[in-house]
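Beneath this line is the structure, given in structure tokens, with notes to follow.
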Amino acid sequence: MMLLSRIAEDLYWLGRNMERAESVSRLVREHTNLLVDLPVDVDSNWAALLTVTGSQDAFVQRYHRFGEAEVITFLMADGDNPGSMLHSINAARENLREVRPLVPRSAWECLNRLGLDAPREAGRCARRRERTAVTERVMASCEQFNGIMSGTMNRDHAYRFWLLGRLVEIADMTTRVLDVGAGTLMASSGPDGRPPADRSPYEDVRWLGVLRALAGHNMYHRSSGQSVSAAGVVRFLLTDPDFPRSVRHCATQIEALLGDLPPRPRAIEAVAPLTRCTELRMSPSDPFVLHRHVDELQRCLAAVHVAITDSYFRTSGEPVAAAS
């Protein structure tokens, strides 16, 4: 049995779209929960979520204010936003429909249930009192789907393309959350534009929010054994070899997966700069240096995505590998 390029592409985007739906849901949940931990004079800055997802331009084309309801609707329930939770789940469902013979039946049933429930659930997210429950149900369904795929699927090329998509999406979200960081995601200014007399006690809360947005707070404490700090969080999310959402771990796994797929020199060569860039040779406490470094990581990730797409999916529907 041969794995056609279009099937490989559907598997790759299945991984990306499911991971995007989970990541956006977690980001919305954690930003909402953060409001409980910060003082009332701190601006909630919902527009920061658009900065993380890189969707400001698309947002302003259809919405006229950066209010909480508008931003949450755009990120969770707007079917015309390619980065929304609802659009990502619908796209993943179509991806899976094309590759159903290659994946466990229970995976299709899990995603199909999520796809049927998502429009109703997404519409409830604008109400803050229901948002946490909705986002947690979406995240649990995504995690269940990933568990089914990881626990019951053959380790063949079909599995490798699905996992490749997941890893690229995970690394992308990690760099985006880090780029925005505590300075924007958890804005420090009050409503009148003047910071309170002493904001330092809440710095740890902001960086803990960064970890929670990437499901990394428990593993950070386990790995470092230290309290939360800007330098510690940056190093953990960029360079930790064991945390599944660190950029280094993703780069290492992407390189290994490409080594197990039919050789495509361009794709393999594109990963090397990404791996090198995860070696932190600068002060993680300098926000300007960190921003430049994360920009370089994002360029490397974009190059990896383009190389994978051109190497494996742009072959006019021809087989890319035997599915074994």
Side-chain angles (χ1 to χ4, degrees), residues 16-38 40 42-89 91 118 121-139 142 169-191 202 205-217 233 237 245 287 290-291 294-295 298:
R16 291 206 68 162
N17 284 319
M18 285 299 287
E19 187 58 41
R20 188 171 298 174
E22 181 183 346
S23 296
V24 169
S25 298
R26 182 180 294 107
L27 190 67
V28 167
R29 184 192 68 172
E30 294 307 328
H31 193 72
T32 301
N33 289 345
L34 185 71
L35 301 181
V36 178
D37 299 324
L38 290 176
V40 295
V42 174
D43 184 6
S44 55
N45 193 17
W46 293 99
L49 298 180
L50 303 175
T51 305
V52 174
T53 57
S55 54
Q56 305 97 317
D57 293 342
F59 178 87
V60 298
Q61 290 176 7
R62 297 201 298 280
Y63 297 84
H64 302 295
R65 59 186 294 269
F66 291 94
E68 177 179 353
E70 289 80 5
V71 171
I72 296 302
T73 298
F74 178 72
L75 290 177
M76 295 294 292
D78 192 329
D80 294 325
N81 170 21
S84 74
M85 180 275 290
L86 181 60
H87 186 280
S88 298
I89 289 174
E121 293 283 277
R124 297 167 53 199
C125 281
R127 297 186 291 274
R128 190 184 295 184
R129 65 180 180 274
E130 298 186 56
R131 189 177 306 150
T132 297
V134 171
T135 53
E136 288 181 350
R137 279 194 291 271
V138 172
M139 290 161 54
C142 292
E169 189 67 29
I170 289 170
D172 181 64
M173 180 57 75
T174 298
T175 59
R176 288 177 179 276
V177 171
L178 261 180
D179 193 25
V180 174
T184 304
L185 184 61
M186 304 76 159
S188 60
S189 62
Y202 305 105
V205 175
R206 297 188 189 94
W207 282 106
L208 186 60
V210 171
L211 287 170
R212 285 175 172 165
L214 296 166
H217 56 292
V233 171
L237 293 176
R245 294 183 179 275
L290 176 62
H291 177 70
V294 172
D295 271 355
Q298 290 174 337

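Please read all numbers here as calculations on a predicted model, not as lab measurements.
Of all heavy-atom pairs between Val71 and Trp46, the closest is CG1-O, 3.5 Å. Residue His291 comes nearest to Asp179 through the heavy atom pair ND1-OD1, 2.6 Å, listed as atom of the first residue, atom of the second, then distance. Closest of all the heavy-atom pairs between Thr175 and Val294 is O-CG1, 3.2 Å. Ala213 and Arg26 make their closest contact through O-CD, 3.3 Å (heavy atoms, listed as atom of the first residue, atom of the second, distance). Residue Ala21 comes nearest to Cys142 through the heavy atom pair CB-SG, 4.3 Å, listed as atom of the first residue, atom of the second, then distance. Taking all atoms of both residues into account, the shortest heavy-atom contact from Ala122 to Met85 is CB-CE, 3.7 Å.
Applying the side-chain contact (heavy atoms from CB on, under 4.5 Å) test to Ser84 and every residue at least two apart in sequence or in another chain returns Asn81, Leu86, His87. Partners of Phe66 under the ring pair (Phe, Tyr, Trp, His ring centres under 6.0 Å) rule, at least two apart in sequence or in another chain, are Phe59. Residues passing the side chain to side chain donor-acceptor pair (under 3.5 Å) test with Asp80, sequence neighbours excluded: none.
Of the inter-residue distances, the one linking Arg212 atom CZ with His217 atom NE2 reads 5.5 Å to the nearest 0.5 angstrom. Atom CZ of residue Arg16 and atom CG of residue Asp172 lie 6.0 Å apart, to the nearest 0.5 angstrom. One distance of note links OG of Ser23 with CZ of Arg176; it measures 11.0 Å at 0.5 Å rounding. Rounded to the nearest 0.5 Å, atoms CG (Leu208) and CG (Leu34) are 9.0 Å apart. For the atom pair Arg131 CZ and Thr32 OG1, the distance stands at 4.0 Å (nearest 0.5 Å). Between atom CD of residue Glu121 and atom CE of residue Met76 there is a gap of 9.0 Å, rounded to the nearest 0.5 Å.
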Criterion side chain to side chain contact (heavy atoms under 4.5 Å, CB included) on Leu27 and Thr135, from CA distance to verdict:
CA-CA 9 Å; Leu27 190 67; Thr135 53; over 6 Å; no

Show your reasoning for whether side chain to side chain contact (heavy atoms under 4.5 Å, CB included) applies to Leu50 and Leu75.
CA-CA 8 Å; Leu50 303 175; Leu75 290 177; 4.2 Å; yes

Determine whether Val52 and His31 satisfy the following criterion, side chain to side chain contact (heavy atoms under 4.5 Å, CB included), listing intermediate values before the conclusion.
CA-CA 12 Å; Val52 174; His31 193 72; over 6 Å; no

Does the side chain to side chain contact (heavy atoms under 4.5 Å, CB included) test come out yes or no for Arg29 and Asn33, once each step is laid out?
CA-CA 6 Å; Arg29 184 192 68 172; Asn33 289 345; 3.6 Å; yes

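Residues Leu49 and Ile72 meet the side-chain proximity criterion, which asks for heavy atoms closer than 4.5 Å. Put simply, the side chain of Arg245 does not reach to within 4.5 Å of the side chain of Leu237, judged on heavy atoms.
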